[in-house]
Amino acid sequence: MISEDAVEAYNKRLTIDTSNPKKLTPSQRDAIKAYGSQAEALLKNRELAMFIHHFKFEVNDAMANIRSHSEEANAERIALANQLSGIDSFINTLKSAIYKRNVLIKAESAENTDNQP
C-alpha cells in the first residue's frame with residue numbers, strides 16, 4: 001500500500017524547467033534552491049556515504065564471487081550491475097539538483113549585479 005509520505009513526496013518532486021532562470025517564479029526559484037540544499041546535505045552526510053559505499057562494495061563482492069558463465073550466472077551479473085547503476089543514478093540526481101541550484105544562484109547574482117547602478 002502507498003503511504004501518505006510517498007504521495008506527498010511524489011507531489012513535491014521537482015518538475016520545473018530550469019533551462020531559463022529568468023522565466024521562473026519566485027516560488028519555483030525557492031523550490032529549486034531548497035531541493036538543491038537538501039541534496040547537498042545528503043551528499044555531505046558521512047553516514048549516508050558510508051552505507052552507500054558499503055552497499056557498492058557488497059554488490060561488487062557478489063559479482064566477483066560469480067564464477068560460472070551459465071545463463072543464470074549471467075542474469076545475476078546483470079541484476080547486480082543494474083543495482084550499481086541505480087545507486088550511481090541516485091547520486092547523479094543529487095549532484096544535478098545541486099548543480100541546478102548553483103546555476104540559479106549564479107544567474108540571480110548576475111541579475112542583481114546588472115541591476116545595480
(request) State, yes or no, whether a side-chain contact exists between I98 and R101 at a heavy-atom distance under 4.5 Å. (result) yes

(message) Side chains of E4 and E8, heavy atoms from C-beta outward: is any pair under 4.5 Å?
(response) no

Supply the atom-to-atom distance [X] [atom1] to [Y] [atom2], rounded to the nearest 0.5 angstrom.
X: R77; Y: I66; atom1: CZ; atom2: CD1; value: 5.5 Å
X: S37; Y: L42; atom1: OG; atom2: CG; value: 11.0 Å
X: N82; Y: S89; atom1: CG; atom2: OG; value: 10.0 Å

(request) Locate the shortest heavy-atom distance separating L24 from L104; write the atom from each residue and the value. (result) CD1-CD1, 4.0 Å

(message) Please find the pair of heavy atoms, one from I87 and one from I52, that lie closest to each other, and give the distance.
(response) CG1-CG2, 3.9 Å

(request) Say whether, by atom type as modelled, one donor and one acceptor occur between the side chain of S85 and the main chain of A81 under 3.5 angstrom. (result) no

(request) Sequence neighbours left out, what pairs pass side-chain hydrogen bond (donor to acceptor under 3.5 Å, both in side chains) with at least one residue falling in residues 51-70? (result) K56-D88

(message) Using the rule that Ile, Leu, Val, Met, Phe, Trp and Tyr join whenever any side-chain heavy atoms are under 4.5 Å apart, tell me whether L80 and F51 fall into a single cluster.
(response) no

(message) Is there a continuous path of hydrophobic side-chain contacts, each under 4.5 Å between heavy atoms, that joins Y35 to Y99?
(response) no

(request) Please check if atom CZ in F55 has more than 12 non-hydrogen atoms from other residues, nucleotides or ligands closer than 6.0 Å. (result) yes

(message) I'd like to know whether L43 forms a side chain to side chain contact (heavy atoms under 4.5 Å, CB included) with I91, so could you lay out the CA-CA distance, the side-chain angles of the two residues, the decisive distance to 0.1 Å, and finally the verdict.
(response) CA-CA 8 Å; L43 279 180; I91 298 301; 4.2 Å; yes

(request) Write out all pairs satisfying salt bridge (Lys or Arg N to Asp or Glu O under 4.0 Å) with one or both partners inside residues 24-38, taking only residues at least two apart or from two chains. (result) R29-E108, R29-E111, K33-E108

